[in-house]
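Accompanying notes for the structure given below.
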Amino acid sequence: MPELPEVEVIRRGLAPHLEGRHILGLSFGEHRLREQGEPAELLRAAGQRVVELSRRGKYLLARLEQGHTLLMHLGMSGRLLVFHEPAPELPHVHIVVHLEGGLALVFQDIRRFGNFVLHPPGVTPPAVAQLGPEPFDRKVTAAWLARLTQGRRRPLKNFLLDGRMVAGIGNIYACEALFAARLHPATAVGDLTVTEWGRLLRAIRKVLQAAIARGGTTISDFLDGSGNTGLFQLDLTVYGREGEPCRKCGTAVERLVQAGRSSFYCPRCQAQV
DNA sequence: CACCCCACCTGCGTGC
DNA sequence: TGCACGCAGGTGGGGT
């Protein structure tokens with residue numbers, strides 16, 4: 001579910017509730033997430049104050065006062081919701097973080113692809129260490145992208161989804177950015193000119209910014225920390241619109257499967273080179 | 001090394 | 001109504 005914009009929207013909503021507050025304790029549901037620390041390990045967070053809530057790619061990192069990092073990832077269906085204690089009984093709740101001031105942070109995840117792991121002081125979580133730069137990082141330029149992909153034949157869409165290259169872009173925003181940049185998802189990365197990389201980079205940044213400003217994309221289940229849906233689904237140009245007319249030229253939007261994921265594109269606006 | 005496939009889960013919509 | 005199937009916003013391990 002959540003890509004960079006959704007995670008950033010969640011971060012902004014949660015930060016004022018978490019930062020500066022002590023974690024009183026944690027409780028756990030009966031099922032575990034795909035990647036979840038042992039209770040004894042996670043309970044080391046109890047008694048510590050949250051210093052800062054930050055984001056890298058699609059990961060949320062809560063830095064604790066003794067230097068631990070609580071790493072959270074929402075997978076496909078995860079939610080982080082803040083309630084006043086007692087938090088309501090909800091299905092698929094796997095972790096509840098009890099906070100100072102009578103607040104509870106609830107991790108709900110139907111599909112359980114999420115992560116919730118406490119890393120000791122001085123350690124960058126490996127999953128975060130291997131991420132590429134943020135799309136808004138100044139080191140990411142058209143020339144940098146061209147150099148990175150020189151001589152490679154990988155499809156552009158698959159490249160955008162690879163967080164080790166540039167972090168945080170998921171299936172929705174990869175499709176939307178490719179449409180905005182008028183590039184076909186199957187184009188080999190090594191074939192793009194520096195000009196085209198520049199166009200794509202601007203499109204990526206514009207789409208991500210717009211989605212954050214709209215509170216993210218809610219297709220079936222995304223909610224921010226206060227339980228609100230996003231609105232960017234109203235602005236989607238191609239994602240999920242197979243067979244519907246392109247908003248620019250009216251041609252039917254097509255769907256193509258790449259690396260097991262659906263790519264939506266306009267065959268006319270994004271003509272294969 | 002570069003890249004792809006698939007597992008990991010649950011739920012929902014569709015078509016028979 | 002029921003059932004089988006395909007599909008879903010992500011990630012990483014293992015295979016080619």
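We use all heavy atoms of the structure for the numbers below, so side chains are in, but hydrogens, waters and symmetry mates are not. Just so it is clear: chains get the letters A, B, ... in the order the sequence lines come, proteins before strands, and each one is counted from 1.
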Nearest whole angstrom, please: distance from the [atom2] of [N] to the [atom1] of [X].
X	N	atom1	atom2	answer
A:Arg56	C:dT11	CZ	P	12 Å
A:His73	C:dT11	NE2	P	3 Å
A:His94	B:dC9	NE2	P	11 Å
A:Leu131	C:dT11	CG	P	8 Å
A:Arg32	B:dC9	CZ	P	12 Å
A:Gln258	C:dA8	CD	P	13 Å
A:Asp109	B:dC9	CG	P	12 Å
A:Phe116	C:dG10	CZ	C1'	18 Å

A:Tyr265/A:His184 aromatic ring centres below 6.0 Å
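Between A:His184 and A:Tyr265, which both carry aromatic rings, the centre distance is below 6.0 Å.
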Between [M] and [N], how far apart are the [atom1] atoms? Round to whole Å, please.
N	M	atom1	result
B:dC1	C:dT11	P	22 Å
B:dC6	C:dG6	P	13 Å
B:dC9	C:dC3	P	24 Å

Is the phosphate of [N] approached by [X] (side-chain N or O, under 4.0 Å from OP1 or OP2)?
X	N	value
A:Lys58	C:dT11	yes
A:His92	B:dC9	no
A:Arg164	C:dT11	no
A:Tyr173	C:dG9	no
A:Asn171	C:dG10	no
A:Arg112	B:dT10	yes

For [X], which contact category applies under a 4.0 Å heavy-atom criterion: base, sugar-phosphate, or nothing?
X	answer
A:Ser262	sugar-phosphate
A:Ile219	base
A:Arg34	base
A:Phe159	nothing
A:Arg255	sugar-phosphate
A:Arg152	sugar-phosphate
A:Asp162	nothing
A:Pro155	sugar-phosphate
A:Gln130	sugar-phosphate

Salt-bridge contact A:Arg21-A:Glu100 (side-chain N to carboxylate O under 4.0 Å):
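Salt bridge: no.
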Does A:Arg154 come within less than 4.0 Å of A:Asp162, counting only side-chain N to carboxylate O?
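A salt bridge links A:Arg154 with A:Asp162.
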What do you reckon, do A:Phe222 and the base of C:dG9 stack, with centroid distance below 5.5 Å and planes below 30°?
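Base of C:dG9: not stacked against A:Phe222.
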Centroid under 5.5 Å and tilt under 30°, A:Phe113 to C:dT11:
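Here the ring of A:Phe113 and the base of C:dT11 are not stacked, as the 5.5 Å and 30° limits are not both satisfied.
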Could you check which nucleotide pairs with C:dG14 in any of the strands shown, counting Watson-Crick or G-U wobble with both distances under 3.5 Å?
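With both distances under 3.5 Å, C:dG14 matches B:dC4.
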Is there a Watson-Crick or G-U wobble partner for B:dC9 with both distances under 3.5 Å, and if so, which one is it?
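B:dC9 is unpaired by these criteria.
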Looking only at N and O atoms, is any donor in the side chain of A:Arg153 or the base of B:dA2 less than 3.5 Å from an acceptor on the other one?
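No.
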Classify the side chain of A:Ser220 versus the base of B:dG11 as yes if they form a donor-acceptor pair under 3.5 Å and no if they do not.
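Result: no qualifying N/O pair found.
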Test item: A:Asp235 side-chain N/O and A:Ala211 main-chain N/O as donor-acceptor pair under 3.5 Å:
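No, A:Asp235 side chain to A:Ala211 backbone: no donor-acceptor pair under 3.5 Å.
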When the ring planes of A:Tyr59 and A:His73 are compared, do they come out parallel, tilted or perpendicular, using 30° and 60° as the limits?
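Aromatic pair A:Tyr59/A:His73 classed perpendicular.
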Can you see which heavy atom on A:Pro267 is nearest to which on A:Ala252, and at what distance?
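Smallest interatomic distance, heavy atoms only, reads CD-O, 3.4 Å.
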What heavy-atom pair brings A:Glu85 and A:Leu103 nearest, and what distance separates the two atoms?
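Looking at all heavy atoms of both residues, the closest pair is OE2-O, 3.6 Å.
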Any idea which of B:dG11, C:dG9, C:dT11 is nearest the A:Ile110 side chain?
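Selected nucleotide: B:dG11.
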